[in-house]
*Asks:* 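Submitted below is the structure of interest, expressed as C-alpha cells.
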Number of protein chains: 2
Amino acid sequence: MANGRDIDNHILIAPGSKAPLKGRDPGDDTLFPNRETAEASTAGDAKAIDALQDRLWAERKRALLVVLQGIDTSGKDGTVRGVFNACGPLGVSVTSFGRPSEEELAHDYLWRVHAAAPKKGMIGVFNRSYYEDVLVVKVRKLAPADVVDRRYEQINAFERHLAENGVVLLKFMLHISKDEQRERLQERLDDPAKHWKFNPSDLEDRALWADYHEAYQTMLERCSTAHAPWRVVPADKKWRRNAIIASVVRRTLEDMAPAYPKPDWKPSDFTIA
Amino acid sequence: MANGRDIDNHILIAPGSKAPLKGRDPGDDTLFPNRETAEASTAGDAKAIDALQDRLWAERKRALLVVLQGIDTSGKDGTVRGVFNACGPLGVSVTSFGRPSEEELAHDYLWRVHAAAPKKGMIGVFNRSYYEDVLVVKVRKLAPADVVDRRYEQINAFERHLAENGVVLLKFMLHISKDEQRERLQERLDDPAKHWKFNPSDLEDRALWADYHEAYQTMLERCSTAHAPWRVVPADKKWRRNAIIASVVRRTLEDMAPAYPKPDWKPSDFTIA
C-alpha cells in the first residue's frame with residue numbers, strides 16, 4: 001500500500017529539477033504493485049473525494065483544479081471516469097481543450113482557460129490544457145519560438161494568481177511508453193466502436209515522439225513550482241494510474257479540509273408548518 | 001415492471017391538457033411499486049445511458065437537454081446522482097440556475113440559458129431552469145404580470161428553436177407532497193451535515209405552496225408541447241423517481257439512436273511504427 005508521502009517521493013517534480021523525465025519508467029510498479037489492491041484503493045478514494053467535494057461545495061470558498069496532460073491515448077478520459085464518476089457531474093466540471101476556435105484565437109491563449117476555471121466549491125478537470133500552448137504549439141511550430149519561450153513564466157504567473165485566489169492546482173502528466181501507445185492506437189484500429197477515437201494525425205504526432213518528449217521535459221523543468229508542482233504518473237497500467245491520482249486528489253482535499261459552514265440560526269428556531 | 005409506454009401513459013402531459021396536476025398523487029405507486037426492482041432498473045438504465053452517450057459524443061450531431069424542475073427538496077440533485085453518475089462528468093454537464101447575477105439581469109432571461117445549452121454530443125442537465133421565470137418570478141411578483149404572461153410562448157418558441165437544431169428536450173417536474181417536503185426540510189434541520197442546505201427562505205416558499213401549485217399548473221398547461229412535452233414524476237419516493245426518469249432518458253436516447261461515425265479510412269491503411 002502506498003501512502004501520500006511514498007507517492008509524492010515517486011512522482012512529484014521538485015521545483016528546479018533538471019531533466020525530470022530522465023530515468024522515469026512509465027511501467028514503474030513500485031507504487032500499487034497489485035491490481036486488486038489498486039482498484040480497491042481507487043474505489044475508496046473516489047467515495048472519499050465525493051464526500052469531501054460535498055463539503056467544498058457547502059463551504060463555497062475554494063476550488064480544486066485538476067490538470068490532466070499527456071499524449072494521445074495516455075488515459076485522460078479514463079482518469080476522469082475512474083477517479084471522478086463517483087463524485088458525478090454535480091460536483092465536477094470537465095473542460096476539454098481542443099484546437100482553439102476563431103474567437104479563442106482572437107484572444108490571448110489563456111483567455112479561454114481563465115473562463116473555464118472552476119467556480120468556488122467545484123472540482124474542475126482540464127482534459128488537456130494551456131500546456132498544449134508549450135507542447136503541440138512548440139513541436140508543430142504553430143507560434144514563433146520566442147513567443148512560446150515567454151509562456152512558461154506567463155503560465156507560472158497565471159497559476160500563482162489562481163493559487164492566491166483560492167484555487168488549488170494539481171497537475172498530472174500521464175506518462176506512457178511508446179510501446180504502450182502503439183498497443184492503444186492499434187486497439188482503436190481493431191475495435192469498430194473505437195474507430196471514431198482514431199485520428200490519422202495521431203500518427204504524425206507519434207512520429208514526433210522525441211520532440212514531444214523534449215517539450216514535456218522543458219515544461220516540467222520550467223513549470224513545476226511550489227504553488228503548482230507537476231506530478232509525473234507512471235501510466236502504462238490504467239489501474240495504477242487511477243489509484244495514484246485518486247490518492248493524491250483525496251489527500252489534497254483532506255489537506256484543504258473544507259468544512260460545512262456554521263449557520264447563523266439554530267435548528268430550534270424553526271417549526272415547519 | 002414498467003415499460004416506456006406504461007410510464008408515459010402515467011406521466012406525460014398531453015399538449016392542451018387542462019389542470020394537469022389535478023388528481024396526480026406524488027406517492028402514486030403504479031409505476032415501480034417495488035423498491036428493489038426500481039433500483040435494479042435504475043442501475044441498468046444508468047449503464048445504458050452511459051453507453052448511448054458515448055455514441056452521441058462520437059456522432060457529435062445532436063444533444064440531449066434534461067430539465068429538472070421542482071420545489072425545494074424535490075430531489076433535483078439526487079436525480080443527477082442517481083441517473084447520471086454512471087455517465088460521469090465527461091459526458092454530462094450540469095447547470096444550476098440560481099438567482100441571476102447583475103450581468104445576467106442586464107440581459108433577457110433566456111440569455112444565460114442559451115449560453116448553457118449543451119454542445120453537440122453532450123447531455124446537459126438543468127438543475128432548475130428558465131421555468132423559474134414563470135414560477136418564483138410569478139409567485140413572488142418579481143416581474144409585472146403581463147411580462148410573465150408573455151413568457152410561456154417565448155419559452156415554447158425557444159424550445160422549438162432548440163428542438164429544430166438538434167437538441168432533444170426532456171422536461172421533468174419532480175412532484176412531491178407537502179408532507180414529504182416537511183420531512184425533508186426537517187431532515188435538513190436535524191442533520192448537521194445538511195444544515196447548509198437549509199435556507200430560512202425555503203419556509204417562505206413553503207407558505208406559498210398553493211401559489212406555487214397554481215404556477216406549476218399554468219406552466220404545465222401552457223408549455224407542454226409536442227416538441228417539448230412535460231412529464232410529471234411522482235417523486236415522494238426517491239428510488240421510484242430515479243427509476244422513472246432513468247427509464248425515460250434511456251428510451252429517449254435509444255430512439256435518437258446515435259451511431260458511431262463511419263471513418264473515411266480503413267484500419268488496414270495504417271501500420272503503427
*Asks:* Report the option among Thr271(B), Thr95(B), Asp269(B), Leu189(B) that has the most heavy-atom pairs separated by less than 4.5 Å from atoms of chain A.
*Replies:* Leu189(B)
*Asks:* Parallel, tilted or perpendicular: which fits the ring planes of Phe198(B) and Trp265(A), with parallel below 30° and perpendicular above 60°?
*Replies:* perpendicular
*Asks:* Give, as side chain, backbone, both or neither, the part of Leu203(B) having an atom under 4.5 angstrom from any heavy atom of chain A.
*Replies:* side chain
*Asks:* For the side chain to side chain contact (heavy atoms under 4.5 Å, CB included) test, which of Val92(A), Val125(A), Ile123(A) pairs with Pro89(B)?
*Replies:* Val92(A)
*Asks:* Give, as side chain, backbone, both or neither, the part of Phe84(B) having an atom under 4.5 angstrom from any heavy atom of chain A.
*Replies:* both
*Asks:* Kindly give the heavy-atom pair with the smallest separation between Asn85(A) and Gly88(B), and that separation in Å.
*Replies:* OD1-CA, 3.3 Å
*Asks:* For residues Trp196(B) and Pro263(A), determine if any side-chain heavy atom of one lies less than 4.5 Å from a side-chain heavy atom of the other.
*Replies:* no
*Asks:* Roughly how far, to the nearest 0.5 Å, is the NZ atom of Lys197(A) from the OH atom of Tyr260(B)?
*Replies:* 7.5 Å
*Asks:* Quick one: do Arg81(B) and Asp50(A) make a salt bridge, cutoff under 4.0 Å?
*Replies:* yes
*Asks:* Identify which part of Ala207(B) has an atom lying under 4.5 Å from any heavy atom of chain A, answering side chain, backbone, both or neither.
*Replies:* neither
*Asks:* Below 4.5 Å from any heavy atom of chain A, which atoms of Arg55(B) appear? Answer side chain, backbone, both or neither.
*Replies:* neither
*Asks:* Flag the one option from Arg188(B), His195(B), Gln186(B) with the top tally of heavy-atom pairs under 4.5 Å to chain A.
*Replies:* His195(B)
*Asks:* Should we say atom NZ of Lys178(A) is surrounded by more than 12 heavy atoms from elsewhere, each under 6.0 Å from it?
*Replies:* yes
*Asks:* Side chain, backbone, both or neither: which part of Ala58(B) has an atom under 4.5 Å from a heavy atom of chain A?
*Replies:* both
*Asks:* With a 4.5 angstrom heavy-atom cut-off, is it the side chain or the backbone of Asn127(B) that approaches chain A, or both, or neither?
*Replies:* side chain
*Asks:* Can any side-chain N or O of Arg206(B) pair as donor or acceptor with the backbone N or O of Ile272(A) at less than 3.5 Å?
*Replies:* no
*Asks:* For the NZ atom of Lys76(B) and the CG atom of Leu90(A), what is their distance to the nearest 0.5 Å?
*Replies:* 11.5 Å
